[in-house]
Amino acid sequence: SAAEISKKYNYFAVYGKTAEDLDREIAKRGPKLMLTGTRHPGATSMEFDIKTKFMNDGKYCRLANAYVSLDLKLTLPSWKNRKTADTDMAIMWDTLSSDIKRHEERHAIIARNYALELERRLESLPRHKNCKIVQANAEKAADSLLAAHAKAQADFDKVEAINFEARLARLLEYRIGQRPKN
């Protein structure tokens, strides 16, 4: 079997015509992260649901079925004044918003990979004479993988934060270079 994964997008509106306006709007309207309580330009919430079934054939107990579902909700900004903005501001916004989306999509990919690995790991647990031991092993495997998932997400954010300004400058330079010459 394969993990069931659903992904939904939510958008929050930002208004303004300058970079300062957009920064202010994101700080005011962006999703609030539960861990820090601060607002961000985007967020990905992840909810894992793990269901297991065990089977005892009279001699051994084994995990008969592992079902992992993952609900992903990506929250991204939507600039409402883009059509009336000047070209430079539009390029800046397009660059920033595509980087925000790429970042949140990567969080979703990390979560998806861990959901698939969790299901594989649970299904590969060895049989045992005692179902309580098999169940405890399943819980231990799930806890271990979910902790590894949380660490992978945090590590990704650390690397992204370190490289943010250089990456955005590179992307802006590229997009500006792609603009048609007058």
> Extract all donor-acceptor atom pairs below 3.5 Å that involve side chains of residues 138-155 and protein atoms in other chains or at least two apart in sequence.
{"from": "H149", "atom 1": "NE2", "to": "Q153", "atom 2": "NE2", "distance (Å)": "3.0"}
{"from": "K151", "atom 1": "NZ", "to": "D155", "atom 2": "OD2", "distance (Å)": "2.7"}
{"from": "Q153", "atom 1": "OE1", "to": "H107", "atom 2": "ND1", "distance (Å)": "2.3"}
{"from": "Q153", "atom 1": "NE2", "to": "H107", "atom 2": "O", "distance (Å)": "3.0"}

> If I take atom CD1 from residue I109 and atom OH from residue Y114, how far apart are they, to the nearest 0.5 angstrom?
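It comes to 14.0 Å.
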> Quick check: closest heavy atoms across P77 and Y11, and the distance to 0.1 Å?
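That would be O-CD2, 4.2 Å.
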> Would you give the length of the straight line joining atom CZ of R62 to atom NZ of K53, rounded to the nearest 0.5 angstrom?
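If I round to the nearest 0.5 Å, the distance is 12.5 Å.
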> Any chance you could measure E123, atom CD, to T52, atom OG1, to the nearest 0.5 Å?
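Reported value, rounded in 0.5 Å steps: 11.0 Å.
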> Do D49 and K51 meet the salt-bridge criterion of a basic N to acidic O distance under 4.0 Å?
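Yes, this pair counts.
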> Run the salt-bridge test on R120 and E117 with the 4.0 Å N-O cut-off and return the result as yes or no.
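Salt bridge between R120 and E117, a charged N being under 4.0 Å from a carboxylate O: yes.
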> Going from OG on S69 to CD on E119, what distance comes out if it is rounded to the nearest 0.5 angstrom?
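Reported to 0.5 Å precision, the distance equals 9.5 Å.
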> The test is side-chain contact (heavy atoms from CB on, under 4.5 Å); show your working for T44 and T75 and say whether it passes.
CA-CA 6 Å; T44 302; T75 303; over 6 Å; no
> According to a hydrophobic-cluster definition based on side-chain heavy atoms being under 4.5 Å apart (Ile, Leu, Val, Met, Phe, Trp, Tyr only), do L116 and V68 belong together?
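No, it is not one cluster - the side chains of L116 and V68 are not joined through contacts under 4.5 Å.
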> Would you check if L70 and M46 make a side-chain contact, meaning some heavy-atom pair closer than 4.5 Å?
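A side-chain contact under 4.5 Å exists here.
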> I'd like to know if the side chain of H40 and the backbone of G42 have a donor-acceptor N/O pair within less than 3.5 Å.
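Not a single qualifying donor-acceptor pair exists.
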> Establish whether F48 and L72 are linked, either directly or via other cluster members, by ILVMFWY side-chain heavy-atom contacts under 4.5 Å.
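Linked, F48 and L72 end up in one cluster.
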> When you look at K28 and R24, which way does the side-chain contact (heavy atoms from CB on, under 4.5 Å) test go after all the steps?
CA-CA 6 Å; K28 178 179 162 186; R24 194 171 31 257; 5.7 Å; no
> So do the side chains of Y60 and H128 get within less than 4.5 Å of each other, counting heavy atoms only?
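No, their side chains stay 4.5 Å or more apart.
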> For a 4.5 angstrom cut-off between non-hydrogen side-chain atoms, does T18 reach D21?
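Yes, side chains in contact.
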> With a 4.5 Å limit on heavy-atom distance, are the side chains of Y67 and I50 in contact?
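Side-chain contact under 4.5 Å: no.
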> Flag the pair V14 / W93 as yes when at least one side-chain heavy-atom distance between them is below 4.5 Å, and no otherwise.
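Yes, their side chains come closer than 4.5 Å.
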> Does the side chain of T87 reach to within under 4.5 Å of the side chain of M89, using non-hydrogen atoms?
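No, side chains not in contact.
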> Ignoring hydrogens and geometry beyond distance, is a side-chain donor-acceptor pair present between N81 and T84 at under 3.5 Å?
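Note: N81 and T84 side chains miss the donor-acceptor criterion.
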> Any side-chain heavy atom of D94 within less than 4.5 Å of one from R82?
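Of all side-chain heavy-atom pairs linking R82 with D94, at least one is under 4.5 Å.
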> Working note: H103 + D157, criterion side chain to side chain donor-acceptor pair (under 3.5 Å); need CA distance, chi angles, decisive distance, verdict.
CA-CA 9 Å; H103 177 89; D157 276 337; 3.0 Å; yes
> Is the Lys NZ or Arg CZ of R29 less than 6.0 Å from the centre of F12's six-membered ring, within 45° of the axis?
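Pair R29/F12 does not count as cation-pi.
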> Working to the nearest 0.5 Å, report the span between CG of N113 and CG of L118.
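That separation rounds to 12.5 Å.
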> When you look at E105 and K7, which way does the side-chain contact (heavy atoms from CB on, under 4.5 Å) test go after all the steps?
CA-CA 10 Å; E105 291 285 356; K7 182 166 54 169; 2.8 Å; yes
> Enter the distance from M92:CE to L22:CG here, rounded to the nearest 0.5 Å.
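CG of L22 is found 5.5 Å from CE of M92.
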> So does T95 get a backbone contact from the side chain of D99, meaning a donor-acceptor N/O pair under 3.5 Å?
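Answer holds: no.
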> For L74, does its backbone N or O pair with a side-chain atom of E104 as donor and acceptor, under 3.5 Å?
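Here the side-chain-to-backbone pair does not exist.
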> Could you pull out the closest heavy-atom pair between A66 and L122, with the gap in Å?
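Closest heavy-atom pair between A66 and L122: CB-CB, 3.7 Å.
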> Considering residues, nucleotides and ligands other than R127, do more than 12 of their heavy atoms fall under 6.0 Å from its CZ?
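No, CZ of R127 has 12 or fewer neighbouring heavy atoms, counting only those of other groups under 6.0 Å.
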> Could you tell me if the side chain of L76 sits less than 4.5 Å from the side chain of Y9, heavy atoms only?
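Sidechains of L76 and Y9: in contact.
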